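Worksheet for the structure shown next.
Numbers restart at 1 for each chain; the letters A, B, ... are given by sequence-line order, proteins then strands. Please read these numbers as outputs of a predicted model, since none were measured by experiment.
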Amino acid sequence: MRRSRAFIPTTKEAPSDATLASHIFLSRAGFVSQVASGLYNYMPLGKRVIKKIEKVINEEMSKAGAQEVELSFVTPADLWAESGRIEKFGKELLRFRDRKENLFVLGPTHEEMMVDLVRNRVTSYKQLPMNLYQIKTKFRDEARPRFGLMRGREFIMKDGYSFHANEADMDREFDAMEEAYKKILIRLGLDFRIVEADSGAIGGSGSKELMVIAGSGEDTIAICSKCEYGANIEAAIRTPRTDLPEAPEGAFNKFQTPAIKTIDDLAAFFKIDPYYTIKCVAKRVIYEEDSEIVLYFLRGSDNLQEVKALNAAGALDITDVSEEELQELGLIPGFIGPLDQSKAKHVMDIELKGATSMVCGANESDQHFVNVDLSILDEAAYFYDIAEVNEGDCCPRCDGTLSFTKGIEVGHIFKLGTTYSAALKAEFLDENGKAQPFVMGTYGMGVSRLVAAIIEQNHDENGCIWTKESAPYMVNIMVSNIKEDAQVALGEELYANLNNLGIETMLDDRKERFGFKMKDAELIGFPYTVIIGKELESGLAEIYVRATNEKISVNASELVTKIRELI
RNA sequence: CGGGGUGUAGCUCAGUAUGGUUAGAGUACCUGGUUUGGGACCAGGGGGCCGAAGGUUCGAGUCCUUUCACCCCGACCA
């Protein structure tokens, strides 16, 4: 492509509402433009990057034996009613009626559609396993789209679905998809981590997220210093600590603790480590029909992990509770303890099971119990892992320690099981001629989010730095001064040669000055820019390497060889 | 959905407290000239329903009412 003919509207200034590097540079360099909240146009460069990423995905999916399909974007609402997700998805589903008043939704994900496609077409265990995927625009009417391509309402996602005769085969495919996803991210040149994840609303028996490591990521992940263990903070677990602080001594007793309401005050009052105190976090948990207040108890040194708390209660949603609501139940904020279970449902953190030497609220104003032995609750209470891991906690897999980092979730793979196949009655006949629902896996990867993630991880103050398999063009040929015939001639020759070799090349033949064109090349982020300029008089040109900011001086006659060597 | 903010030229913004010529700057764009290794310079030029609707006023970008859009924090979220 000739730059003089290309539609690449670069700007010096960023849109005022852009905050993330990827958003700023993708806008400034003319890859995307915003249309409305969470909606973007892809201009030629943006479209090329999308296609590059899709190419990598398609190749790896093909190697892994998956087949590409394309399902309709507009999906009948009936299907969503059948699976029950029309309510669960709520306002995120964009609904509308056609001229015949039939209700449709724009596809936010395609489990229902894919199951519908396969049911009654794949009918025998002999046809299994089968892995079908598509790369397609999705629409979710997000409450708050943000960060450019990172969280749009309309976005491009690769979504794959596998069908199996049994769990073991689904597990095998799940591992194969994890491998394939790994290869995709490696080819795209990304630094990432595969982490354990909460399965969330989609459900199923297990899931993993692919996190691109970036400070601007919206997710916190805990990773081990020694082994491969990594988990989203929502799902991270730990080995209970062994370096216990000194336990308080004495017998069970009730103490006056006037106005001592916080864990810090309590620990200071008794001169003990917060590890030996019991914290109560009250939440209102919301079920499909009703809601209730649940008291979550954990060690004073821990914090409640809300996703874990939600799962422990089997609830749909969890919200805060006011002091007034607690008082109505006869609970006294600041002095709530686990020994009186009559006023609300209790959930105890698993690490409180059998705990001794504890200090906890006495459920009376200004009173705490000391030296409580919680093993008396072993039978009566409900224990669950509800604590959020802390930095420095012990890895659950080895003796390393956990630390936190931020990640961008670019992929999420699920062991779905029979949730959707059972709901939609998608069955096959097994060896015994018995009807069974498909055992399914589902594998998502955010294509447009990957565009942003690549730039979040690969940019400097001057602009984008595309990795080799994501770059819109591999080489940019910059003719410094188009009034110099020799420069132009070499540029044209090189341009023709590289094109013939199938190397995607841009020829910057604009009547602009050197600095202007360099800034532009840096902003766009071509991996290599050939600078044809003054030194041509001595037969030399330069290759500017965007990733390292190096300029390599090369004999004009050896440019093609050198470029082939580099890419 | 709660809290906050912003809408003026393609883009980034001034002007609005205290209403008053023809609404400004920078940048981008067009013409001509000079320049040509780090977003050049000079001269000339085009470009605006001041988010929308209603109102107050002799007069509204500026005041009032309504409304829409976008952004940020939170809630929510593959």
Handout entry: Heavy-atom protein contacts under 4.0 Å, nucleotides 1-7 of chain B, coded B base, S sugar-phosphate only, - none
Key = -------
Completion exercise
Among B/U12, B/A78, B/C77, the one nearest any side-chain atom of A/F155 is B/A78
Handout entry: B/G54 to B/U62 separation - P atoms, rounded to the nearest Å
Key = 14 Å
Handout entry: Whole-Å C1' distance, B/G7 and B/G15
Key = 15 Å
Problem - Main-chain N/O of A/S4 paired with A/K511 side-chain donor or acceptor, under 3.5 Å - result: no
Practice task
Using whole Å, report how far NZ of A/K511 lies from C1' of B/G39.
Solution key: 15 Å
Exercise for the section: Would you classify A/D520 as touching base, sugar-phosphate or nothing, given that sugar-phosphate means primed atoms plus P, OP1 and OP2, and contacts are heavy atoms under 4.0 Å? Expected result: base
Exercise for the section: Answer with yes or no whether the side chains of A/N476 and A/D508 bring together a donor and an acceptor at under 3.5 Å. Expected result: no
Practice task
Could you check how far NE2 of A/H23 sits from P of B/C70, rounded to whole Å?
Solution key: 13 Å
Practice task
Pick the C1' atom in B/A43 and in B/G38, then give their distance to the nearest Å.
Solution key: 26 Å
Exercise for the section: Provide the distance between the two P atoms, one in B/G37 and one in B/U21, to the nearest whole Å. Expected result: 49 Å
Problem - Lys/Arg N to Asp/Glu carboxylate O, A/E178 vs A/K208, below 4.0 Å - result: yes
Under-3.5 Å N/O pairs linking protein and nucleotides 24-32 of chain B:
from: B/G26; atom 1: N2; to: A/E13; atom 2: OE1; distance (Å): 3.4

Practice task
For nucleotides B/G48 and B/G24, find the distance between their C1' atoms and express it as a whole number of Å.
Solution key: 11 Å
Problem - RNA chain B contacts made by residues 26-34 of chain A, counting heavy atoms under 4.0 Å - result: A/R28, A/Q34
Indicate every side-chain donor-acceptor pair of residues 73-80 of chain A with a distance under 3.5 Å to a residue at least two apart or in another chain.
from: A/T75; atom 1: OG1; to: A/W80; atom 2: NE1; distance (Å): 2.9
from: A/T75; atom 1: OG1; to: A/V105; atom 2: O; distance (Å): 3.0

Handout entry: Residues A/D320 and A/K283 bridged, charged N to O under 4.0 Å
Key = yes
Completion exercise
Stems in RNA chain B, runs of 3 or more consecutive Watson-Crick or G-U wobble pairs with both distances under 3.5 Å, sorted by first number, are B:1-7 with B:68-74, B:10-13 with B:24-27, B:29-34 with B:40-45, B:51-55 with B:63-67
Fill in the blank from the handout: The nucleotide from B/U36, B/G74, B/G37 with an atom nearest the side chain of A/E542 is B/G37
Problem - Distance, rounded to the nearest Å, where A/I318 contributes CD1 and B/C77 contributes C1' - result: 16 Å
Handout entry: Ring-face cation of A/K415 near A/F174 (centre distance under 6.0 Å, axis angle within 45°)
Key = yes
Practice task
State which of B/G74, B/A78, B/U35 makes the closest approach to the side chain of A/E142.
Solution key: B/A78
Problem - Salt bridge present between A/K138 and A/E154 (N-O < 4.0 angstrom) - result: no
Handout entry: Where at least one partner belongs to residues 6-20 of chain A, residue pairs that pass side-chain hydrogen bond (donor to acceptor under 3.5 Å, both in side chains), sequence neighbours excluded
Key = A/T10-A/D520
Problem - Sugar-phosphate only, base, or nothing, as touched by A/E92 at under 4.0 Å among non-hydrogen atoms - result: sugar-phosphate
Handout entry: Whole-angstrom distance between B/U31 and B/C50, as gauged at atom P
Key = 29 Å
Exercise for the section: In whole angstrom, give me the gap between the P atoms of B/U65 and B/C29. Expected result: 43 Å
Practice task
Could you tell me whether A/R151 and A/E142 make a salt bridge, using a distance below 4.0 angstrom between a side-chain N and a carboxylate O?
Solution key: yes
Practice task
With heavy atoms under 4.0 Å as the rule, sort A/L523 into base, sugar-phosphate or nothing.
Solution key: base
Handout entry: Nearest-neighbour nucleotide for the A/F414 side chain, B/G39, B/A78, B/C73 considered
Key = B/A78
Problem - For atom CD of A/E154 and atom P of B/A78, their distance in whole Å - result: 19 Å
Handout entry: A/K91 bridged to A/D141 by N-O distance under 4.0 Å
Key = no
Handout entry: C1'-based separation of B/A69 from B/G51 [nearest Å]
Key = 7 Å
Exercise for the section: Mark yes when over 12 heavy atoms from residues, nucleotides or ligands other than A/K51 sit less than 6.0 Å from its NZ; otherwise mark no. Expected result: no
Problem - Side-chain ion pair, A/E209 and A/R193, N-O less than 4.0 Å - result: no
Practice task
Identify whether the distance between the nearest side-chain nitrogen and carboxylate oxygen of A/D509 and A/R3 falls below 4.0 Å.
Solution key: no
Problem - B/U12 phosphate, OP1 or OP2, under 4.0 Å from A/S16 side-chain N/O - result: yes
Problem - Nearest to side-chain heavy atoms of A/I531, which nucleotide of B/U35, B/C76, B/G37 - result: B/G37
Practice task
Under 4.0 Å between any heavy atoms, over every strand shown, what does A/P9 touch: base, sugar-phosphate, or nothing? Just pick one.
Solution key: nothing
Handout entry: Donor/acceptor link under 3.5 angstrom from A/K551 side chain onto base of B/G38
Key = yes
Practice task
Just say parallel, tilted or perpendicular for the rings of A/W466 and A/F31, cut-offs at 30° and 60°.
Solution key: tilted
Problem - Electrostatic pair A/R187:A/E60 at N-O distance under 4.0 angstrom - result: yes
Problem - Straight-line distance of A/L71 CG to A/L117 CG, nearest 0.5 Å - result: 6.0 Å
